[in-house]
**Q** 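Below are the structure tokens for one structure; questions will follow.
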Amino acid sequence: MTATVDSVKKIARSSTNEAGTIQLRESALNVVDGEATVVVKLPANFKFESADVTFSGGFSNASFDDDDKDIDGLAVHITFTPVSYTH
């Protein structure tokens with residue numbers, strides 16, 4: 001699985017910059033089986049105010065709702081269930 005942010009800006013304690021959308025992408029077929037939780041963490045002295053999440057590749061049909069996202073100050077926990085594929 002690959003996690004990326006579409007745009008990373010320089011940030012400082014006093015800035016209001018947004019980092020961009022967190023994108024989760026399947027990098028190999030069925031790399032995640034069943035429910036998964038991804039944790040994205042920020043450095044100390046920073047915190048998430050909100051988090052936009054998208055899924056692509058094999059995860060584009062993942063079962064996910066904004067209620068499945070938990071923002072906990074330095075970290076955002078993203079819980080989702082990918083669609084399984086068979087050959």
Side-chain angles (χ1 to χ4, degrees):
M1 173 177 11
T2 304
T4 59
V5 176
D6 65 357
S7 173
V8 178
K9 299 178 173 105
K10 290 183 179 181
I11 56 176
R13 284 181 103 176
S14 60
S15 78
T16 58
N17 285 346
E18 296 181 3
T21 300
I22 299 167
Q23 182 182 77
L24 301 177
R25 180 175 45 244
E26 185 179 39
S27 55
L29 192 61
N30 292 326
V31 70
V32 175
D33 185 24
E35 186 177 274
T37 299
V38 174
V39 180
V40 180
K41 295 182 180 181
L42 291 174
N45 298 322
F46 293 94
K47 68 177 182 174
F48 279 100
E49 294 290 333
S50 65
D52 293 324
V53 179
T54 63
F55 296 86
S56 65
F59 289 160
S60 59
N61 292 324
S63 174
F64 174 77
D65 187 281
D66 263 354
D67 293 337
D68 298 329
K69 178 177 61 183
D70 179 32
I71 297 173
D72 179 15
L74 292 176
V76 60
H77 303 255
I78 304 159
T79 301
F80 67 99
T81 304
V83 175
S84 293
Y85 294 95
T86 56
H87 302 330

**Q** Is the shortest heavy-atom distance from the side chain of L24 to the side chain of V38 under 4.5 Å?
**A** yes
**Q** Restricting to non-hydrogen atoms, name the atom on G34 and the atom on P82 that form the minimum distance, rounded to 0.1 Å.
**A** O-CD, 3.2 Å
**Q** Suppose we screen for side chain to side chain contact (heavy atoms under 4.5 Å, CB included). Which residues come up paired with D65, at least two apart in sequence or across chains?
**A** D67, D68
**Q** Which pairs of donor and acceptor atoms, one on a side chain in residues 70-78, lie under 3.5 Å apart (sequence neighbours left out)?
**A**
none

**Q** Partners of D66 by salt bridge (charged side-chain N to carboxylate O under 4.0 Å, His left out), sequence neighbours excluded?
**A** K69
**Q** Apply side-chain hydrogen bond (donor to acceptor under 3.5 Å, both in side chains) to T79 and list each qualifying residue two or more places apart in sequence or on a separate chain.
**A** T37
**Q** Please enumerate all residues that pass side chain to side chain contact (heavy atoms under 4.5 Å, CB included) together with S63, with sequence neighbours excluded.
**A** T81
**Q** Can you name the ring-ring contact (aromatic ring centres under 6.0 Å, His included) partners of F64, sequence neighbours left out?
**A** F55
